[in-house]
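Chain naming here is simple, since letters A, B, ... match the order of the sequence lines and numbering starts at 1 in each. Every value quoted in this text rests on a predicted model; they were computed, and no experiment measured them.
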There are 2 protein chains.
Amino acid sequence: MTKLRAATKSAVDNENHDPADCRAVGQVLDRIGDKWTVMVIDTLSKGPMRFNAVMHIIGGVSHRMLTVTLRGLERDGLVTRTAYPTIPPKVEYELTELGRSLIRPLKALSTWALSNRPAIEAARVRFDKEEGKKRT
Amino acid sequence: MTKLRAATKSAVDNENHDPADCRAVGQVLDRIGDKWTVMVIDTLSKGPMRFNAVMHIIGGVSHRMLTVTLRGLERDGLVTRTAYPTIPPKVEYELTELGRSLIRPLKALSTWALSNRPAIEAARVRFDKEEGKKRT
DNA sequence: CCGCATCCGCCACGATACTG
DNA sequence: CAGTATCGTGGCGGATGCGG
């Protein structure tokens with residue numbers, strides 16, 4: 001998602017060929033286009049879960065990035081954070097209704113990806129081969 | 001998106017709680033999660049178009065980034081590039097069948113975004129207000 | 001008109017260490 | 001067990017200039 005971010009939105013704001021569509025998608029991508037958000041949502045879609053559980057299931061996410069990602073999702077009302085002030089602490093995360101509603105469009109994307117990855121892969125290989133020929 | 005990128009996929013590859021879903025989505029986000037890809041697709045969804053036309057319609061995209069984005073899409077077989085070797089040059093871009101098939105799931109996302117942005121915005125404001133209180 | 005190379009600023013991400 | 005702070009790095013994205 002890399003990076004629409006707040007920095008450059010000015011130019012985009014002034015444009016309206018079909019603002020509803022492209023800007024809306026842009027917004028979502030800003031949100032879920034980062035490295036871990038989608039994985040967290042997918043993981044939490046199976047039910048409420050503790051911090052470490054999420055971390056272990058995803059695997060490969062750093063402690064810090066998981067915290068940051070979860071805070072972001074909490075901020076946008078996509079997950080709830082419930083802290084039990086016990087010793088040791090126990091924190092549970094759960095998708096909100098809003099968060100769960102995102103699963104469906106995400107599934108659509110995932111379905112598309114699964115069906116078309118071979119085609120993309122093929123196109124990519126073909127393209128790179130052409131590139132190779134040009135250089136020789 | 002902005003940045004899953006190839007760099008870190010190693011850790012993710014070893015994990016399979018529901019690999020089909022999350023990895024597939026991850027792949028797509030790697031592709032379309034950057035700053036301009038979705039906008040380009042949306043723009044081209046209206047029909048074949050010349051480079052400058054796309055640039056003008058999107059507005060705010062640098063010459064270089066549009067080139068890069070289009071090359072990426074071409075590489076993955078999502079758009080075709082047709083150059084007419086006239087003077088001055090004229091290049092037309094058009095979505096392939098594969099590219100057009102991506103519009104549907106994108107629409108799903110855009111629909112979700114449009115319906116829920118108010119909710120997200122509200123949650124965000126609420127969350128930030130709480131943050132403010134804590135700091136005081 | 002379009003593509004490509006170079007230079008550079010900036011931010012997402014990761015590793016580590018410390019607190020409660 | 002969970003969160004925060006700090007620091008370092010890679011690579012995206014913008015500006016500009018040349019080539020065809």
Side-chain angles (χ1 to χ4, degrees), chain A residues 1-12 26 29-40 48-56 58-75 79-93 130-131 134-135, chain B residues 1-12 26 29-40 48-56 58-75 79 81-93 131 134-135:
Chain A
M1 35 185 211
T2 266
K3 295 177 178 171
L4 316 201
R5 328 316 159 195
T8 337
K9 71 175 176 185
S10 51
V12 178
L29 288 175
D30 262 6
R31 183 79 283 281
I32 67 170
D34 61 64
K35 195 168 180 179
W36 302 109
T37 296
V38 169
M39 284 210 164
V40 169
M49 213 171 289
R50 299 187 55 176
F51 184 93
N52 269 352
V54 178
M55 185 160 157
H56 185 256
I58 291 185
V61 60
S62 71
H63 189 153
R64 178 181 172 276
M65 283 317 294
L66 185 55
T67 304
V68 170
T69 302
L70 284 167
R71 293 252 321 174
L73 287 170
E74 187 197 356
R75 184 170 113 101
V79 310
T80 55
R81 176 180 178 278
T82 319
Y84 304 93
T86 57
I87 306 284
K90 170 178 166 181
V91 184
E92 281 219 334
Y93 291 92
E130 300 296 321
E131 284 297 279
K134 285 178 190 170
R135 290 184 201 290
Chain B
M1 129 216 283
T2 273
K3 299 178 177 171
L4 318 200
R5 327 321 157 193
T8 339
K9 69 175 178 185
S10 51
V12 178
L29 289 176
D30 263 6
R31 184 79 279 281
I32 68 170
D34 60 63
K35 195 169 181 180
W36 301 108
T37 296
V38 169
M39 283 212 169
V40 169
M49 212 171 290
R50 299 188 56 177
F51 184 92
N52 269 350
V54 178
M55 185 160 159
H56 185 256
I58 291 184
V61 61
S62 70
H63 190 150
R64 176 181 173 274
M65 285 316 294
L66 184 55
T67 304
V68 171
T69 302
L70 284 167
R71 291 255 320 173
L73 288 170
E74 187 196 356
R75 184 169 113 101
V79 309
R81 175 180 180 278
T82 319
Y84 304 93
T86 57
I87 305 284
K90 170 179 167 181
V91 184
E92 282 218 335
Y93 291 92
E131 285 297 279
K134 284 179 190 169
R135 292 185 199 290

A:Arg81: side chain to side chain contact (heavy atoms under 4.5 Å, CB included) partners, not counting sequence neighbours: A:Glu74, A:Ala83, A:Val91, A:Tyr93
Whole-Å distance separating the CG atom of B:Asp34 from the P atom of D:dG14: 10 Å
Heavy-atom side-chain proximity of A:Thr80 to A:Glu92 below 4.5 angstrom: no
Partner residues of A:Thr82 under the side chain to side chain contact (heavy atoms under 4.5 Å, CB included) criterion, sequence neighbours left out: A:Tyr84
Distance-minimising heavy-atom pair for B:Leu70 and B:Phe51: CD1-CD1, 3.9 Å
Candidate list A:Lys35, A:Met55, A:Met39, test side-chain contact (heavy atoms from CB on, under 4.5 Å), partner A:Val61, passing option: A:Met55
Length of the CG-C1' vector between B:Asp30 and D:dG11, whole Å: 13 Å
B:Met55 CE to C:dG3 P, straight-line distance once rounded to whole Å: 11 Å
Separation of atom NZ in B:Lys35 from atom P in C:dA12, rounded to whole Å: 12 Å
Got a list of protein N/O to nucleotides 2-8 of chain D N/O distances below 3.5 Å?
from, atom 1, to, atom 2, distance (Å)
D:dA2, OP1, A:Arg50, NE, 3.2
D:dA2, OP1, A:Arg50, NH2, 3.4
D:dA2, OP1, A:Phe51, N, 3.4
D:dA2, OP2, A:Asn52, N, 2.9
D:dA2, OP2, A:Asn52, OD1, 3.1
D:dA2, OP2, A:Asn52, ND2, 3.0
D:dG3, OP1, A:Arg81, NE, 2.7
D:dG3, OP1, A:Arg81, NH2, 2.8
D:dG3, OP1, A:Tyr93, OH, 2.7
D:dG3, OP2, A:Tyr93, OH, 3.3
D:dG3, N7, A:His63, NE2, 2.9
D:dT6, O4, A:Arg64, NE, 3.2

Separation of atom CE in B:Met49 from atom P in C:dC2, rounded to whole Å: 12 Å
Rounded distance in Å - CG (B:Leu66) to P (D:dA15): 14 Å
A:Trp36 CH2 - C:dG14 C1' separation (whole Å): 10 Å
Euclidean distance, atom OH of residue B:Tyr84 to atom P of C:dG3 [Å, nearest integer]: 13 Å
Closest contact, heavy atoms only, A:Val38 versus A:Ile32: CG2-O, 3.6 Å
